[in-house]
Each structure stands twice: as C-alpha cells, then as structure tokens.
Amino acid sequence: MEISPESRPDLESGRHLHDLIRRLYPICRSITGPGVRETLSILRDHIPLTVHEVPTGTQVLDWTVPREWTLRDAYIQAPDGTRVVDFRRSNLHVVGYSVPVRATLTLEELRPHLFALPDAPDWIPYRTSYYRESWGFCLAQRVLDSLPEGRYEVLIDATLADGHLTYGEYFVPGSTDREILFSCHVCHPSLCNDNLSGIAVQTFLAKELAANPGRYSYRFLFLPATIGSITWLARNRDRLDRIRHGLVVTCVGDPGRFTYKRSRKGDAEIDRVVPHVLRAAGVEHECVDFTPYGYDERQYGSPGFDLPVGSLTRSSHGRYPEYHTSADDLDLVRPDSLAESLRHYREVVRVLEGNLRYRNLQPFGEPQLGRRGLYRSVAGWLADASDEMAMLWVLNFSDGRHTLLDIAERGSIPFGRIRRAANALLEAGLLEEAAEAA
Ligand code: ZN
C-alpha cells in the first residue's frame with residue numbers, strides 16, 4: 001500500500017496515542033481514589049499538568065464531594081473453591097463504589113448483586129453505584145449461567161473513607177486571556193473508547209499546542225465525569241467569562257463516523273467551526289443538537305453557565321454496542337482512528353485561531369491585484385484560480401463585520417484557502433485587522 005505524505009505522520013501519531021491508552025488501560029479508575037492519581041501521574045510524563053485535590057465534604061454547587069473509594073481486591077469463590085469472578089482478571093468485575101463485603105452466600109442470595117448482559121453473553125458490563133450505598137459484581141452472562149447451586153464466598157476489599165476528589169488541569173497561556181477549553185473524563189476503569197481515547201487525544205493535543213501557542217489560551221481538564229466538572233465550575237465561577245469556545249473530548253478512537261454535538265447555544269462559533277472542519281476534510285459526519293445528557297457538556301451547558309462547549313466524538317455516547325462493556329477494549333480503538341480525530345481537533349484550533357475580521361483598505365472598486373503580483377501569478381500557490389477567487393471573496397466581505405469563517409461559508413471555500421488569501425492580502429497592504437465584535 002502506498003503511503004501518502006499526510007498519512008505518514010498520522011501512522012506515527014496513531015501509534016503514540018494507542019501506546020498511551022495501552023499504558024492507562026489496566027488501571028482501576030473511579031470518580032475518586034488512587035486510579036485517577038496514577039492516571040494523572042502517567043499523563044505528567046507528557047504534559048506538566050497540575051493535580052488538584054478537593055477534600056471529601058466540600059460543597060460544590062448543589063453537590064458534595066464524596067468519600068474516596070479504594071479497591072484492593074475482590075472475588076467470588078464457587079463451592080468447589082475456584083474463583084469464578086476475580087477483580088485481578090478485570091477491574092470491570094466490581095460495581096464501582098461498592099461498599100466492602102466479606103460473606104458466604106447461597107447463589108440465590110448472591111444473584112441480586114450480579115449483573116450480566118443476556119444479549120452479549122461474553123462481555124462484562126460496566127456498572128457503578130456512586131451515590132447509593134450498595135455492592136455488586138459484573139460478569140459475563142455465560143459465566144453467570146454456568147454457576148452451580150451452593151455456597152459462595154464473596155469478598156470486596158475496599159475502603160470508602162474521607163479523602164479527596166482528584167482532577168488534573170493544564171493551562172497553556174496564549175497572547176490573550178481568551179480561552180479554549182478542552183475537557184475529558186478520567187473516571188472509567190478499563191474502558192478504551194469511552195474514557196481513554198479522549199484522555200490520549202486531549203493529552204497529545206495539549207502537548208502540541210503548548211509547543212505552538214497562539215492568540216488563545218488553552219485550558220485542558222482531566223476530570224471525573226459530572227462531579228469533577230461540577231467541582232471545577234464551582235471553583236472557577238468568577239473566571240468563566242474567559243471561555244470563548246470549548247469541546248468535550250471522548251469516544252474518539254473507534255472507527256465510527258464523527259458526531260458533533262452542538263453547544264447549548266447551538267449557534268456559537270465552535271458550532272460552526274467543527275462542522276466546517278469536518279465538511280472540508282470530506283469525512284462522513286453527523287451534527288446533533290445539544291441534549292442535557294451525555295458527558296460533561298451538560299454541566300458546562302447548564303443554564304446558569306451556558307458556556308459555548310460542544311462535543312466532537314466518533315460514535316457517540318451509548319450508541320455503539322461495546323459501550324460500557326469489556327468489549328470497549330484495546331482492539332476497539334484504532335491508531336488510525338485516534339490519529340484522524342487528533343487531526344480534526346488540531347484543525348478546529350487552527351480555524352479558531354485564524355478566524356478574525358478584517359477591513360478592506362481599498363473598498364471602492366476592486367483593487368488591482370495584478371499590479372500587486374496577486375493575480376494570475378505563475379509562481380507558487382497563486383497559480384491556482386481558486387486562490388484568486390478566495391481573494392475576491394475576502395476583499396469583498398472584509399468590511400469589519402464578517403469573519404473569515406463567514407466568508408469561507410458564504411463562498412463555499414475551505415477555511416484554509418480563505419486564510420491563505422487573507423495572509424496574501426495583508427502582506428500586500430490591502431487589509432487591516434478589525435476589532436473583535438463584543
Ligand atoms: Zn461512560
């Protein structure tokens with residue numbers, strides 16, 4: 001197979017993304033506890049993020065930071081002494097936030113604590129019980145069906161005690177204090193697409209942007225879902241007006257088509273930039289309206305905050321068969337899918353960075369481009385008639401009111417071409433930057 005110049009760096013970036021996922025995969029994460037800390041400490045090998053610890057009992061908006069959960073071991077031992085369910089084989093076996101238990105039970109007594117998927121009998125489901133005290137095990141239906149009657153020994157060696165909620169934050173300053181927010185959740189155990197793919201893509205995006213800062217400042221949050229974003233919002237309430245655009249990053253590693261979920265506003269700049277990038281790349285995608293469920297976009301988009309935060313995923317929340325099961329594994333997320341997602345995120349940032357307003361300094365009649373070497377030039381990119389077209393669009397609509405994205409959309413021209421045309425016109429002294437509209 002021939003490798004195009006674009007796909008060569010993608011192959012390598014895909015491998016790096018997948019390697020990071022593989023490293024994070026075995027860790028038993030939850031909304032609090034050592035798994036989140038270990039995850040963040042691995043990410044610190046890539047980016048110098050700050051780890052915040054918020055004590056149990058802290059009031060955050062309408063919520064309270066919960067007790068910290070630590071799981072050491074768990075199993076179910078059958079009457080013949082074999083461990084039919086063993087946490088050491090998969091951390092999905094234990095219902096997240098299970099209270100400790102050590103008991104001997106009949107199969108009938110045990111059954112209400114066992115969860116399986118009759119429709120996918122080989123997969124272990126992922127379940128949690130964060131805000132209701134209980135315990136349970138998840139297992140393959142096939143294993144559940146094979147359990148003989150008798151007495152079972154059950155152990156969940158866990159601690160639920162006062163401690164902290166942990167989250168990671170990485171801030172990359174730009175030339176202004178206007179921010180682009182990226183947020184991913186870090187609270188799922190061994191689940192790849194829902195959780196680890198977002199963590200990996202966000203980490204590598206942060207690394208790239210830190211090496212190449214722009215006019216925006218970038219803020220990257222690595223949080224336990226719901227309680228983490230609520231905690232962050234509560235602690236940063238007086239600074240939220242700096243957030244001009246945002247994306248929740250998750251489910252970006254499967255081969256499914258892209259989905260863009262609009263912000264609650266629906267017509268924010270980010271809601272136009274992401275579809276433009278996907279369209280220009282010629283990839284299959286779907287745009288859906290904001291809904292008050294899914295991931296942390298619903299906290300950023302709660303009515304009191306109403307931040308312009310959308311979510312760019314591949315297969316979306318709950319809409320792929322492997323979702324919240326052991327089949328969301330290292331095979332479901334693919335290096336090429338991860339690299340492609342990172343590429344689109346990178347392009348979204350490039351468009352946001354370049355989406356400015358200009359004023360045509362020769363607005364009476366068309367300025368003579370030929371005299372300035374901008375028309376039918378044989379050298380370089382200007383040989384292309386569509387670049388001339390892009391210049392005419394930029395000149396005509398650069399009246400201080402239209403952004404370059406407005407112009408790109410109106411002329412059905414990819415943003416990159418419009419941006420290049422604006423750069424050439426700036427260089428020729430035909431444009432000046434207009435102040436940003438309030
Ligand atoms: Zn999930």
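Since we're looking at a predicted model, the values are computed, not measured. Whatever order the structure lists them in is the order used to number ligands and atoms, beginning at 1.
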Opening angle at the Zn ion (ligand 1) [NE2, H324; OD2, D194; to 10 degrees]: 90°
Let me check your reading of the structure: within less than 2.8 Å of the Zn ion (ligand 1), is there an N/O/S atom from H185? no
In terms of ring plane angle, is the pair Y126 and H188 parallel, tilted or perpendicular, where the classes change at 30° and 60°? tilted
To the nearest 0.5 Å, atom CD1 of I21 lies from atom OG of S190 at 12.5 Å
Heteroatom test (N, O or S) for H188 near the Zn ion (ligand 1), limit 2.8 Å: yes
Mind telling me whether Y97 and Y130 have parallel, tilted or perpendicular rings, with 30° and 60° as the class edges? perpendicular
Are H285 and Y260 an aromatic pair by the rule of ring centers under 6.0 Å? no
